[in-house]
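See structure below.
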Amino acid sequence: MPIATVNPATGELIRSYDALGEEETERRITAAHTTFQQYRTTPFEQRAAWLNRAADLLETDRDTIARTMTLEMGKPVTAARAEAAKCAKAMRWYAAHAERLLADEHPDPDDVQDSGASRALVRYRPLGVVLAVMPWNFPLWQVVRFAAPALMAGNTGLLKHASNVPQTALYLEDLFHRAGFPAGCFRTLLIGSGAVEAVLRDPRVAAATLTGSEPAGRAVAATAGDEIKKTVLELGGSDPYLVLPSADVEKAAATAVTARVQNNGQSCIAAKRFIVHADVYDTFAEHFTAGMRALTVGDPLEETTDIGPLSSEQGRTDLEELVDDAVERGATVLCGGARPDKLDGGLENGWFYNPTVLAGITPAMRIHREETFGPVATLYRVADLDEAVHLANDTPFGLSSNVWTRDAGERERCARDLEAGGVFFNGMTASHPALPFGGIKRSGYGRELAGHGIREFCNATTLWYGPEDS
Ligand SMILES: O=CCCC(=O)O
């Protein structure tokens, strides 16, 4: 895939870049590694000052970088601005809390004594250079979610961003540099995916984090496994959205629309499978379908647009194939199911797809098991909570889940039995700096954000002091 900005709303090539050669890649790895030797000893206070400065700069740049993101991957510009604001918030959160999250841990004194020590503690030390392989769907946020904790922990980062968001990738390098971080702390590598393995195998690279597709995750994990290097993987999701009889059904339906189409439907934590109790199915289906039908599809640079194009032509083809397969096998199209036919002014060449609701899904359809990365929802009718939980778990993925109910017993059951990294009650899944984020099963492993995220790329070092040190 060329490293280039191609406007998904028009198909127009805006800017392309040559991939870095081996020599320049090597220089950047060296810079990240050399910088780490010094940077690891900088006080938290200094790191926090730089990170807060990065947040200030990002807020100043918000409108420009939002426009760049929209031109690179097609999200509505309103969502792009919100993404920039969320990144600034996460930077400030880690600047404020990293020192506390990484404070020395002191085991129980009886256990310390039992170990033969006069004292013992755990200290979180940085690991070194971390390679971040990141996707285009939240081109700022996915990177900041890694970079803010990594930099606060004293690590340095190398970014291999998706090939369709090179301007955002370069912006991030510039941002951290302008904020005052030493030059090698955060470097962007404009390289193709074929060059990732060599970087990961470099002995100076300590670990990797990847957000993206299952095949990409498997490839990075295989190489990292071969090199015995730590990885965190955040892969796909096909999150269930359960609506049970005691729910506020109209509210559940309105939220379901946002949960499905956020980011043009291209979010790993978007709700994708809507599993609705028979008692409230018809009401939910009616409101949900009306909400999906009412969305405005169009130019993502317009303030009033709800749904922009998919990020690539291939992405739209993949989505269309899933819908077509389901329809051929008997699914009912409640709305959408096709490309919009009324776009003009260049937008007719963009990779748009109408918000779609499909009902009557069966296990024979690909869409039952595969992730829909676009504004397409599948609707299931279930007889009771047992069937709902069974269906929710009948997926290779386990990222997050959503449950609408006012019944405390049902909430407890779902908190216990849903196979996912998160269960969100009476609301939609959203990431927050203070809450751990990540999945199980084919959705990956490890956690980002919160204390869990910052500690993933730390060496939890046991410090044990014998009696002579007492
Ligand atoms: O694609 C993953 C979702 C990212 C997020 O919203 O934190």
Side-chain angles (χ1 to χ4, degrees), residues 1 19-20 22 25-26 28-30 32-33 36 40 122 124-137 142-143 145-147 149-151 153-163 186-189 191-238 268-269 369-371 395-400 419-421 436-462:
M1 194 174 176
L20 293 185
E22 274 174 35
T25 304
E26 156 64 28
R28 286 170 191 235
I29 299 173
T30 303
H33 183 249
F36 172 67
R40 59 194 281 274
V122 178
Y124 289 98
R125 299 190 294 160
L127 271 190
V129 181
V130 183
L131 171 66
V133 182
M134 291 293 147
W136 47 262
N137 64 341
Q142 302 278 20
V143 177
R145 178 158 76 181
F146 148 74
L151 290 169
N155 293 304
T156 59
L158 289 171
L159 170 65
K160 164 26 190 149
H161 216 326
S163 298
F186 184 92
R187 298 307 305 262
T188 285
L189 303 176
I191 54 174
S193 46
V196 168
E197 180 174 344
V199 176
L200 186 48
R201 286 199 188 277
D202 190 294
R204 294 164 297 177
V205 173
T209 179
L210 177 141
T211 298
S213 69
E214 208 181 311
R218 191 177 292 116
V220 162
T223 304
D226 197 38
E227 296 286 342
I228 323 288
K229 291 182 181 178
K230 172 78 186 277
T231 49
V232 168
L233 298 182
E234 198 264 273
L235 309 176
S238 189
C268 51
I269 49 164
R369 300 196 72 72
E370 295 181 33
E371 179 177 19
T395 166
F397 301 106
L399 194 50
S400 189
E419 296 169 359
F437 182 94
I440 58 169
K441 296 160 77 177
R442 295 281 175 114
S443 291
Y445 51 73
R447 289 292 178 268
E448 297 190 274
L449 299 176
H452 302 73
I454 197 169
R455 288 192 282 266
E456 288 282 5
F457 294 114
C458 286
N459 168 7
T461 312
T462 298

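Bear in mind the structure is a predicted one, so any value in this text is a computation, not a measurement.
A heavy-atom distance below 4.5 Å is found between the side chains of E448 and T211. Looking at heavy atoms from C-beta onward, Y124 lies out of side-chain contact with I454 at the 4.5 angstrom threshold.
For the side chain to side chain donor-acceptor pair (under 3.5 Å) test, residues two or more places apart in sequence or in another chain that qualify with H33 are Q37. A search for side-chain contact (heavy atoms from CB on, under 4.5 Å) contacts involving S238 returns K272, R273, T395, F397, not counting sequence neighbours.
In terms of heavy-atom proximity, G421 sits nearest to R447 at CA-NH2, 3.8 Å. The two residues K441 and P396 come nearest to each other via the heavy atoms CB-O, 3.2 Å. When every heavy atom of F457 is checked against every heavy atom of A208, the shortest pair comes out as CZ-O, 3.6 Å. Considering all non-hydrogen atoms of both residues, S443 and G236 come closest at OG-O, 2.7 Å. Taking both residues in full, the closest heavy atoms of S400 and I269 are given as CB-CG2, 4.3 Å, listed atom of the first, atom of the second, then distance. The shortest non-hydrogen separation linking L233 to G217 is CD1-O, 3.8 Å.
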Exercise for the section: Any chance you could lay out the side-chain contact (heavy atoms from CB on, under 4.5 Å) test for L200 and E227, step after step, and finish with the verdict? Expected result: CA-CA 8 Å; L200 186 48; E227 296 286 342; 5.8 Å; no
Exercise for the section: Start with the C-alpha gap between V143 and H161, add the side-chain angles, then the distance that decides, and say whether side-chain contact (heavy atoms from CB on, under 4.5 Å) holds. Expected result: CA-CA 8 Å; V143 177; H161 216 326; 3.4 Å; yes
Handout entry: Residue pair E26, R204: steps toward the side-chain contact (heavy atoms from CB on, under 4.5 Å) verdict
Key = CA-CA 10 Å; E26 156 64 28; R204 294 164 297 177; 2.8 Å; yes
Exercise for the section: Would you sort out whether E456 and T209 count as a side-chain contact (heavy atoms from CB on, under 4.5 Å), showing the intermediate values? Expected result: CA-CA 10 Å; E456 288 282 5; T209 179; over 6 Å; no
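Counting heavy atoms of neighbouring residues, nucleotides and ligands inside a 6.0 Å radius, atom CZ of R442 does not exceed 12 of them.
Distance CZ/R40 to CG/L127: 11.0 Å, rounded to 0.5 Å. Rounding to the nearest 0.5 angstrom, the gap separating the CD atom in E419 from the CG atom in L399 is 13.5 Å. One finds the CZ atom of R218 at 12.0 Å from the CG atom of L210 (value rounded to the nearest 0.5 Å). Distance check: E214 CD to E371 CD gives 9.5 Å after rounding to the nearest 0.5 Å. Here the OH-CD1 distance, from Y445 to I440, works out to 15.0 Å after rounding to the nearest 0.5 Å. Distance check: K229 NZ to R201 CZ gives 8.5 Å after rounding to the nearest 0.5 Å.
Using modelled atom types, no side-chain atom of T156 and backbone atom of F36 make a donor-acceptor pair closer than 3.5 Å.
Applying the side-chain contact (heavy atoms from CB on, under 4.5 Å) test between D202 and each of L158, I29, L131, V129 identifies I29 as the sole match.
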